[in-house]
Amino acid sequence: MPGVVIVGAQWGDEGKGKVVDIYTEHADMVVRFAGGPNAGHTLVVGADKLVVRLVPSGILRPQSTCVLGQGMVVDPATLAAELAELSRRGLLEGRELWLSDRAHLILPYHVAIDTLRERGAGAIGTTKRGVGPAYEDKAARLGIHAGALRDPARLEAAITRALARWAPVARDLGGELPSLADVMAAVAPVREALAARLTDAASLVDGALRAGKKVLFEGAQGTLLDVDHGTYPFVTSSSAIAGGACTGAGVGPTRIGCVVGLTKAYTTRVGGGPFPTELHDDVGEAIRKAGSEFGSVTGRPRRTGWLDLPALRYATVVNGFDGLALTKLDVLTGQPEVRACVAYEVDGRETRDFPLADLDRARPIYRTFPGWSEDLRGARRLEDLPARARAFVDFVSAESGCPLFVVSVGYERDDTIVLRSPFG
Ligand code: GDP
Ligand code: IMO
Ligand code: MG
């Protein structure tokens, strides 16, 4: 059974948590392959709400093994706190949850550097969780593998080297780093518990795929935040696109059978950077309110705007989407009209492509749809949608060239139109 990859098509927060939870009902394994505690994936079942940052969103499904892959950067204290919360809710006992011994550690000095940089002129609106500096260490070949949690002496030596490297950077930024003792003290109480969960994750995933198990690879962030394909430099530091599942989990491209892209029925972005379809008016505010668009990690208000179809087509190309999950359609209910950007004008020329290099000069060209006022939450089939909402959904599918796999009409697990399983 080939693996399935689910990734965001926009700037994150597309509803990956909800859709992964739905698809994991039939999955044996769910694997995070990129990012770290900058992610916040929300799971809602009845009155219970859970936001996971490092643990895969398959955690609510007892039969599914959860894996944190080597493409991730993992803050030990954050992971331990997340596991403690899961345990408190009775969601961890009897579950298999593994951490790659080749994932990289985020330690307090990474968080300190990230925070100091965000105070300065070069701020890009990061989540200040140390993600960027940890990936910098990895690329500089100075990072610390999670496997070092097995060996305190090795860990201490590696942290000493890292502190020496970061000290001048912190000084230039007018700040200080935590001491070696502080860093060791942050890790000590959680070290053994996390060490017990370390494994060779790539082999584990390979074994599951070879055994014909259903393996789902859960993206974090989104295509436009990808370090290679996003709106650089306003991006995260990892490979958020579908290809990142191969490098970040250690599986060959031939093992991936299906890629599902997630998009909201509109667009949001947290942090700085270009956002051509952004709304600065009452409609933007109404969408923020109706969609509860506040960051699940930082609580920051998310910027809101209309759906960007050139961007969605771009995401379709770089990820090779087989199908789309369209989320938060219900949030547009009550808008007198709904818009979608269908093309751009750049220097007097019209293009249907996403003008990644010219976003500062690109002017969106919109198509306007009549709005709808019906509550969509009870819809379970496309036929249940009011005609105007259905017309919008069909347009998105046609313009992106992707069939719809899911249409989500509420934050609850049940408020979902499931059209196709990516497992075939
Ligand atoms: P993720 O990072 O992609 O997992 O998304 P987040 O969890 O950060 O943000 C998505 C938010 O939208 C969460 O609060 C979800 O509970 C919520 N959500 C997901 N799908 C829907 C939907 O179809 N309708 C509504 N109203 N909310 C949704
Ligand atoms: P999920 O997985 C939305 C954004 C930050 C910032 C930029 C760089 O929940 O969709 P970083 O801390 O990664 O160095 O910040 O990336 N960002 C996200 N925005 N959802 C996310 O994750 C994000 N992860 C990072 O706001 O603009
Ligand atoms: Mg999120």
Side-chain angles (χ1 to χ4, degrees), residues 6-22 32 34-45 48-54 56-57 72-73 75 106 110-111 113-115 117-118 123-136 218-227 230-238 240 261-275 287 289-303 325-333 375-377 379 406-417:
I6 297 192
V7 288
Q10 301 172 303
W11 281 290
D13 303 328
E14 298 91 349
K16 296 176 289 291
K18 173 176 168 169
V19 174
V20 167
D21 169 56
I22 287 169
R32 272 275 307 267
N38 47 353
H41 298 178
T42 311
L43 306 164
V44 182
V45 184
D48 286 335
K49 178 176 153 177
L50 177 69
V51 178
V52 285
R53 292 166 56 186
L54 290 162
S57 300
M72 291 186 73
V73 284
D75 183 327
I106 299 181
H110 295 122
V111 179
I113 294 288
D114 199 358
T115 307
R117 283 180 179 155
E118 285 297 304
I124 66 161
T126 74
T127 58
K128 299 186 197 163
R129 295 309 193 262
V131 168
Y135 278 117
E136 278 174 60
E218 172 182 359
Q221 289 76 54
T223 303
L224 301 178
L225 288 171
D226 181 276
V227 67
T231 48
Y232 194 90
F234 296 95
V235 294
T236 190
S237 302
S238 60
L262 267 97
T263 176
K264 290 181 187 178
Y266 51 95
T267 307
T268 62
R269 165 160 219 177
V270 210
F275 181 178
I287 291 176
K289 200 162 162 231
S292 303
E293 295 295 357
F294 296 88
S296 28
V297 173
T298 58
R300 291 178 289 177
R302 293 176 182 150
R303 300 156 65 191
L326 179 69
T327 62
K328 304 195 88 161
L329 185 64
D330 56 298
V331 172
L332 296 179
T333 294
D375 185 349
L376 306 186
R377 282 174 300 181
V406 165
V407 178
S408 176
V409 291
Y411 51 78
E412 273 271 10
R413 202 183 244 175
D414 290 344
D415 290 335
T416 316
I417 301 171

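Just so you know, these numbers use all the heavy atoms, side chains as well, and skip hydrogens, waters and symmetry mates. Both ligands and their constituent atoms are indexed starting at 1 by order of listing.
- Nearest non-hydrogen protein atom to atom 10 (C) of ligand 1 is D13 O, 3.7 Å.
- Distance check: I124 CD1 to R117 CZ gives 10.0 Å after rounding to the nearest 0.5 Å.
- Judged by distance alone, the side chain of R303 and the main-chain N or O of G271 form a donor-acceptor pair under 3.5 Å.
- With hydrogens and angles disregarded, no donor-acceptor distance shorter than 3.5 Å links the side chain of D330 to the backbone of L376.
- In this structure, R269 contributes its side chain and P274 its backbone to a donor-acceptor pair below 3.5 Å.
- Atom OD1 is the N/O/S atom of D13 found closest to the Mg ion (ligand 3).
- Atoms of ligand 2 lying under 4.0 Å from at least one heavy atom of A39, given by number and element, are 1 (P), 2 (O), 9 (O), 22 (O).
- In this structure, NE2 on H41 lies 7.5 Å from OG on S296, to the nearest 0.5 angstrom.
- Less than 4.0 angstrom separates some heavy atom of S408 from each of these atoms of ligand 1: 20 (N), 21 (C), 22 (C), 23 (O).
- Below 3.5 Å of separation, one finds no N or O of V331 facing any N or O of ligand 1.
- Judged by distance alone, the side chain of T263 and the main-chain N or O of G8 form no donor-acceptor pair under 3.5 Å.
- Remark: side-chain polar atoms of D415 are not paired, donor with acceptor, to backbone N or O of V409 under 3.5 angstrom.
- How far CG of L326 is from CG of L262: 9.0 Å, rounded to the nearest 0.5 Å.
- Checking only distances, L225 never comes within under 3.5 Å of ligand 2, N or O to N or O.
- By the 3.5 Å distance cut-off applied to N or O atoms, T236 is counted among the residues near ligand 2.
- Look at G410 and you'll find a heavy atom under 4.0 Å from some atom of ligand 1.
- Interface of G125 with ligand 2, defined as ligand atoms under 4.0 Å from a residue heavy atom, comprises 5 (C), 6 (C), 26 (O), 27 (O).
- In T42, the parts holding a heavy atom less than 4.0 Å from any atom of ligand 1 are both the side chain and the backbone.
- D13 and R302 are joined by a salt bridge, as a carboxylate oxygen and a charged side-chain nitrogen come within less than 4.0 angstrom of each other.
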query = Can K18 and S408 be said to form a side-chain hydrogen bond (donor to acceptor under 3.5 Å, both in side chains), step by step?
reply = CA-CA 9 Å; K18 173 176 168 169; S408 176; 2.9 Å; yes
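- Of all the atoms in ligand 1, the ones that sit under 4.0 Å from a non-hydrogen atom of G17 are 4 (O).
- In terms of polar-atom proximity, N38 is counted as a contact of ligand 2, with an N or O under 3.5 Å from an N or O of the ligand.
- The ligand atoms of ligand 2 that sit less than 4.0 angstrom from a heavy atom of W11 are 3 (C), 19 (N).
- The Mg ion (ligand 3) has an N, O or S atom of G40 under 2.8 Å away, backbone or side chain.
- In S296, the part holding a heavy atom less than 4.0 Å from any atom of ligand 1 is the side chain.
- Residue contacts with ligand 2: T268 is excluded, as none of its non-hydrogen atoms falls under 4.0 Å.
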Practice task
Check the pair V406, I22 against side-chain contact (heavy atoms from CB on, under 4.5 Å), reporting the backbone distance first and the verdict last.
Solution key: CA-CA 10 Å; V406 165; I22 287 169; 5.6 Å; no
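- Atom CG of D21 is separated from atom CZ of R413 by 4.0 Å, given to the nearest 0.5 angstrom.
- Only backbone heavy atoms of V235 (N, CA, C or O) come within less than 4.0 Å of ligand 2; its side chain stays farther off.
- Among protein heavy atoms, atom 26 (N) of ligand 1 sits closest to D330 OD2, 2.8 Å.
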Applying side-chain hydrogen bond (donor to acceptor under 3.5 Å, both in side chains) to E14 and T327, what does each step give before you reach the verdict?
CA-CA 7 Å; E14 298 91 349; T327 62; over 6 Å; no
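- Numbered from 1 in the order shown, with element, the atoms of ligand 2 that lie under 4.0 Å from a heavy atom of A220 read 2 (O).
- When each atom of ligand 1 is checked for a heavy atom of R302 under 4.0 Å away, the hits are 8 (O), 9 (O).
- At the shortest separation from atom 3 (C) of ligand 2 among protein heavy atoms lies D13 OD2, 3.2 Å.
- Remark: ligand 2 and R300 share an N or O pair separated by less than 3.5 Å (distance only, no angle test).
- Between K16 and ligand 1, an N or O atom pair is found at a separation short of 3.5 Å.
- Checking only distances, D114 never comes within under 3.5 Å of ligand 2, N or O to N or O.
- Geometrically, ligand 2 and K16 share a nitrogen or oxygen pair separated by less than 3.5 Å.
- L224 CG to F234 CZ: the interatomic distance, rounded to the nearest 0.5 Å, is 14.0 Å.
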Show your working on side-chain contact (heavy atoms from CB on, under 4.5 Å) between L332 and I287 and close with a plain yes or no.
CA-CA 7 Å; L332 296 179; I287 291 176; 4.1 Å; yes
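- The atoms of ligand 1 that sit less than 4.0 Å from any heavy atom of G15 are 1 (P), 3 (O), 4 (O), 5 (O).
- Results of the side-chain hydrogen bond (donor to acceptor under 3.5 Å, both in side chains) test with S57 over E218, R32, K16 single out E218 as the only residue that passes.
- Listed by number with element, the atoms of ligand 2 under 4.0 Å from a non-hydrogen atom of G271 are 27 (O).
- Atom CD1 of I106 sits about 8.5 Å away from atom CG of D114, to the nearest 0.5 Å.
- Put simply, no part of G12 is less than 4.0 Å from ligand 1, judged by heavy atoms.
- Salt bridge absent: R300 and E118 never bring a charged side-chain N and a carboxylate O closer than 4.0 Å.
- Of the options V44, L43, T42, a side chain to side chain contact (heavy atoms under 4.5 Å, CB included) to Y411 is made by V44 and by none of the others.
- The protein atom (non-hydrogen) at minimum distance from atom 12 (O) of ligand 2 is T127 OG1, 2.6 Å.
- Dense packing is recorded around CZ of F275, with more than 12 heavy atoms of other residues, nucleotides or ligands lying under 6.0 Å away.
- Of the protein's non-hydrogen atoms, the one nearest atom 6 (P) of ligand 1 is G40 O, 3.5 Å.
- The closest approach between a heavy atom of G8 and any atom of ligand 2 is not below 4.0 Å.
- Interface atoms of ligand 1 facing H41, defined by a heavy-atom separation under 4.0 Å, are 1 (P), 2 (O), 4 (O), 7 (O).
- Between G291 and ligand 1, not a single N/O pair is under 3.5 Å apart.
- No N or O atom of R129 sits closer than 3.5 Å to an N or O atom of ligand 2.
- Nearest-residue assignment for atom 24 (N) of ligand 2 (options Q221, R117, E218, R269; heavy-atom criterion): Q221.
- Protein heavy atom at the shortest distance from atom 11 (C) of ligand 1 is K328 NZ, 3.5 Å.
- Contact atoms of ligand 1 toward K18: 20 (N) (distance under 4.0 Å to a heavy atom of the residue).
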